[in-house]
Each structure stands twice: as structure tokens, then as C-alpha cells.
Amino acid sequence: HKTIGLGADAENDAVTQAYLDGFGWQAVLLTPLVSKGQVVGLVELGDRIHKRVFSADERELAQSLALQAAIAIENAKLYRDAQQRLRETETLYRYTRELGGTLDTETLGARALEAVARLTDFDFGEVCLVREPDRALVPLVFSHQVEGALENYIVPAGVGILGWVAEHGRSVRLDDVTRDPRYVALSAHTMSEICLPLRVGARTLGVLNLEAKAPSAFDAHTEQLLTVFAQQLAIAVENARLYAQSKRDAELKAVLLRELSHRVKNNLAAITSLLYMALDEPEEQRAQILVETLGRVQSMSTAHTLMAR
């Protein structure tokens, strides 16, 4: 943290002399840039003409300039970070709104990976959903292809990082996948991974998984950001599933209603015929006809009760 002066001198060690010769300096004043107690840079003031010793006033001026430069650099970093947070917030808001605009799960997965690509860098991404009843993970969408075909790619329950996350409902972030025995490689080039559960309440619907060729590609801030996004994606997936189930139920009821309508028409025609027959039959046969008629009416009532549930 100290300002030091160096000059071309026979007493310099080899490293110092090589440093001076590399820039062609006869003398140089080195002043650290200190911000919040940490050295963040260095100011070099060199003289290529004269061998000299820097005065106290020159040292004080260099230190003052270095202090102002350190403050400016810190402010620039704060501004850059604030701009980055603003872009991340805007991305989360925009894509969360878009997720709520569709009820198709594949579209949800594709839009999710588009959003994640704006939040962090990765080489391979996927959204997988839990399959009942075996709890295996089935891919919904991939962002990029990896070595080998992925058409039949299914992760059994509890297998690999994805299976562990789905089973325990907790995120995993790895700076080096080779150090974790749970990792099952899709690509020999993957070095880091982050996998987040898609949870609604106590249920895990699936996972959002990202992998990168670079080590330590995902930091704690990225994990926090993606956790918020994964929560919104899980809600959208659940809504899409509920809608799909409601649609299937409505289609089934429509089929049953058509069948019921057909049976009611047939029964009414038969009842009408039976009642007309009863008018011309002897007294002892009318009772049998009425019993059959009552049975048909009761069958229509039962069908109506089942449909009303």
C-alpha cells in the first residue's frame, strides 16, 4: 500500500532492472490505487530521460491523483453493477410476463432458456420434467446439442446431479464437475454446472439445468437470480399442466355427453313404444312392461348423476 520510487541503478536486482528496461525508464514512481482498504490497481509515473529521485511534493501529488482515480474506478464499478442489476430485473420481468402468456409447456421451456441466456453464459441448457409414477426426468427442451443423440435421453430417479436435485428439491452449483461423484457427463468438455429445482409448494415438477465448458462459470449471484426465475417457471408449468388436464377433462365430458344424449334418445323412444304397447296389453302383462320402462328411466337417472359429478 506504499508509494515507492525506482531508478536505473547498478544496485537494482535483475527483476527490477528488467522492469525498468522493458519500459525504457530511467526512473519511475509507483503508487497503488486503494479502494476500501484493497489494492485495485497501480499508477506508474515514469521518466525516460533523467535518472532522478522523486520529491516529496511529487509523491504527494501522485498519491492524491491515485486516490481520485481509485474513487472514480469504484464509482464506475458501482454504476456498472447497478446497470447490470437493472438489465437483469428487466429481463426477469419481461420473460416472467411472457411465461404467463402461454399454456404450452414446450413453448414455456423454450422461452425459459431464451431468458436464461440473457442472464448468464452457458454452453448447454435444458428443462426436464418429472414423469409419474417412476419420477424419472424427461427432457422438455434443449438449448444446444451435445455429443450423441438425445432423443431417448431420460434421467432415472435419483441419478446424476439432475436426479439428486429433483429428489431433494435443492439447487446444486459446481465449479468443477469432475470433483463431484454425482455428475453424469453428457459432454466430455463440461467443467461447471448449475441445476435448480422447479418447485410448487412441496412438489418438485422438474429441473432447470445449465452446463458450461469454463470452470466456475456460475457464481452465487447467478444462482440467486436463477432461483427466482425457476420459481416463476415452475408456476407457469403447473398452470399449463392444470389447463391441459382441464382441457382433457372437458373433452372427455363432451364425449360422455354425446353418448348420454344418444342413449337418452334411444331410451325415450323405447319408453314411448313400451307405453303404447301397454295400452293394448292385458292387465297381467302391463306390470311387466311398466317394470321394464322404470328400469330404463332409472338407467338414465344414474347416467345423469355420474355426469353431474
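Counting heavy-atom neighbours within 6.0 Å of Glu132 CD, excluding the residue itself, gives a total above 12. Other residues, nucleotides and ligands place more than 12 heavy atoms under 6.0 Å from the CD atom of Gln84.
Looking at Leu162 and Cys195, their side chains come closer than 4.5 Å, going by heavy atoms from C-beta outward. Between Asp47 and Val28, the closest side-chain pair of non-hydrogen atoms is not below 4.5 Å. Between Val165 and Arg170 there is no side-chain heavy-atom pair separated by less than 4.5 Å. Phe124 is not listed as a side-chain neighbour of Leu210, based on a closest heavy-atom distance of 4.5 Å or more. Looking at heavy atoms from C-beta onward, Val172 lies out of side-chain contact with Glu193 at the 4.5 angstrom threshold. Looking at Val207 and Val127, their side chains never come closer than 4.5 Å, going by heavy atoms from C-beta outward. Contact of the Val34 side chain with the Val40 side chain is not registered, since no non-hydrogen atoms from C-beta on lie closer than 4.5 Å. Proximity of Leu233 to Gln231: side-chain heavy atoms (C-beta onward) are nowhere separated by under 4.5 Å.
Between His50 and Gln26, the shortest heavy-atom distance links the atoms O-CB, 3.2 Å. In terms of heavy-atom proximity, Val141 sits nearest to Ala110 at CG1-N, 3.8 Å. Taking both residues in full, the closest heavy atoms of Glu223 and Leu196 are given as O-CD2, 3.9 Å, listed atom of the first, atom of the second, then distance. For Val43 against Ala66, the heavy-atom pair with the smallest separation is CG2-CB, 4.2 Å. When all heavy atoms are compared, the tightest approach of Lys2 to Pro32 is O-CD, 3.5 Å. Thr105 approaches Leu140 most closely through the heavy-atom pair O-CD2, 3.2 Å.
A distance of 9.5 Å separates CG in Leu6 from CH2 in Trp25, rounded to the nearest 0.5 Å. Between Ile235 atom CD1 and Asn239 atom CG the span is 7.5 Å, to the nearest 0.5 Å. A distance of 11.5 Å separates CD1 of Ile194 from CD1 of Ile161, quoted to the nearest 0.5 Å. To the nearest 0.5 Å, the span separating CG on Leu129 from CD on Glu106 amounts to 10.0 Å. Interatomic distance, Leu33 CG to Gln38 CD, rounded to the nearest 0.5 Å: 13.0 Å. One finds the CZ atom of Arg179 at 11.5 Å from the CG atom of Leu174 (value rounded to the nearest 0.5 Å).
Hydrophobic cluster membership is shared by Val184 and Val155, with clusters built from Ile, Leu, Val, Met, Phe, Trp and Tyr side chains linked at under 4.5 angstrom. The same ILVMFWY cluster, assembled from side-chain heavy atoms under 4.5 Å apart, contains both Leu226 and Val200. Linking Ile, Leu, Val, Met, Phe, Trp and Tyr whenever their side-chain heavy atoms come within less than 4.5 Å leaves Met191 and Phe122 in two separate clusters.
Judged by a 6.0 Å distance limit and a 45° cone about the ring axis, Arg52 is positioned over the six-membered ring of Phe54.
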*Could you go through the side-chain contact (heavy atoms from CB on, under 4.5 Å) check for Leu137 and Ile154 one step at a time?*
CA-CA 6 Å; Leu137 286 167; Ile154 294 177; over 6 Å; no
*Starting from the C-alpha separation in whole Å, work towards a yes-or-no answer on side-chain contact (heavy atoms from CB on, under 4.5 Å) for Leu208 and Leu113.*
CA-CA 9 Å; Leu208 170 63; Leu113 291 180; 3.9 Å; yes
*Report the C-alpha distance between Glu238 and Arg203 in whole Å, list the side-chain angles of each, state the deciding distance to 0.1 Å, and finish with yes or no for salt bridge (charged side-chain N to carboxylate O under 4.0 Å, His left out).*
CA-CA 10 Å; Glu238 178 71 353; Arg203 295 182 300 116; 2.6 Å; yes
*Please test Leu119 against Thr222 for side-chain contact (heavy atoms from CB on, under 4.5 Å), starting from the C-alpha separation and ending with a verdict.*
CA-CA 8 Å; Leu119 298 173; Thr222 300; over 6 Å; no
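By the 30° and 60° cut-offs, the orientation of the rings of Phe23 relative to Tyr19 is perpendicular. Taking the six-membered ring where tryptophan is involved, the planes of Tyr153 and Phe142 are tilted, since the angle between them lies from 30° to 60°.
Listed by chain and residue number, nothing satisfies the ring-ring contact (aromatic ring centres under 6.0 Å, His included) test with His221 (two or more places apart in sequence, or in another chain). Contacts of Gln63 classified as side-chain hydrogen bond (donor to acceptor under 3.5 Å, both in side chains), with partners at least two apart in sequence or in another chain: Thr3.
Of the possible polar contacts, none joining the Arg87 side chain to the Arg118 backbone as a donor-acceptor pair under 3.5 Å is found. Ser64 places no side-chain N or O within donor-acceptor distance of the main-chain N or O of Glu60, the cut-off being under 3.5 Å. For the pair Ser192 (side chain) and Ala214 (backbone), a donor-acceptor distance under 3.5 Å is present. For the pair Thr204 (side chain) and Gly206 (backbone), a donor-acceptor distance under 3.5 Å is absent. Under the 3.5 Å distance criterion, the side-chain polar atoms of Asp123 are matched with a main-chain donor or acceptor of Lys213. Gln68 places no side-chain N or O within donor-acceptor distance of the main-chain N or O of Leu65, the cut-off being under 3.5 Å.
With no hydrogens or angles considered, a side-chain donor-acceptor pair links Tyr183 and Glu211 at under 3.5 Å. Checked by atom type, the side-chain pair Gln83/Asp81 shows no donor-acceptor distance below 3.5 Å. Side-chain atoms of Gln17 and Asp13 form no donor-acceptor pair, as typed in the model, at a separation below 3.5 Å. For the residue pair Glu126 and Asn209, a side-chain donor N or O sits within less than 3.5 Å of a side-chain acceptor on the partner. Asp57 and Ser55 share no donor-acceptor pair across their side chains, judged by distance under 3.5 Å alone.
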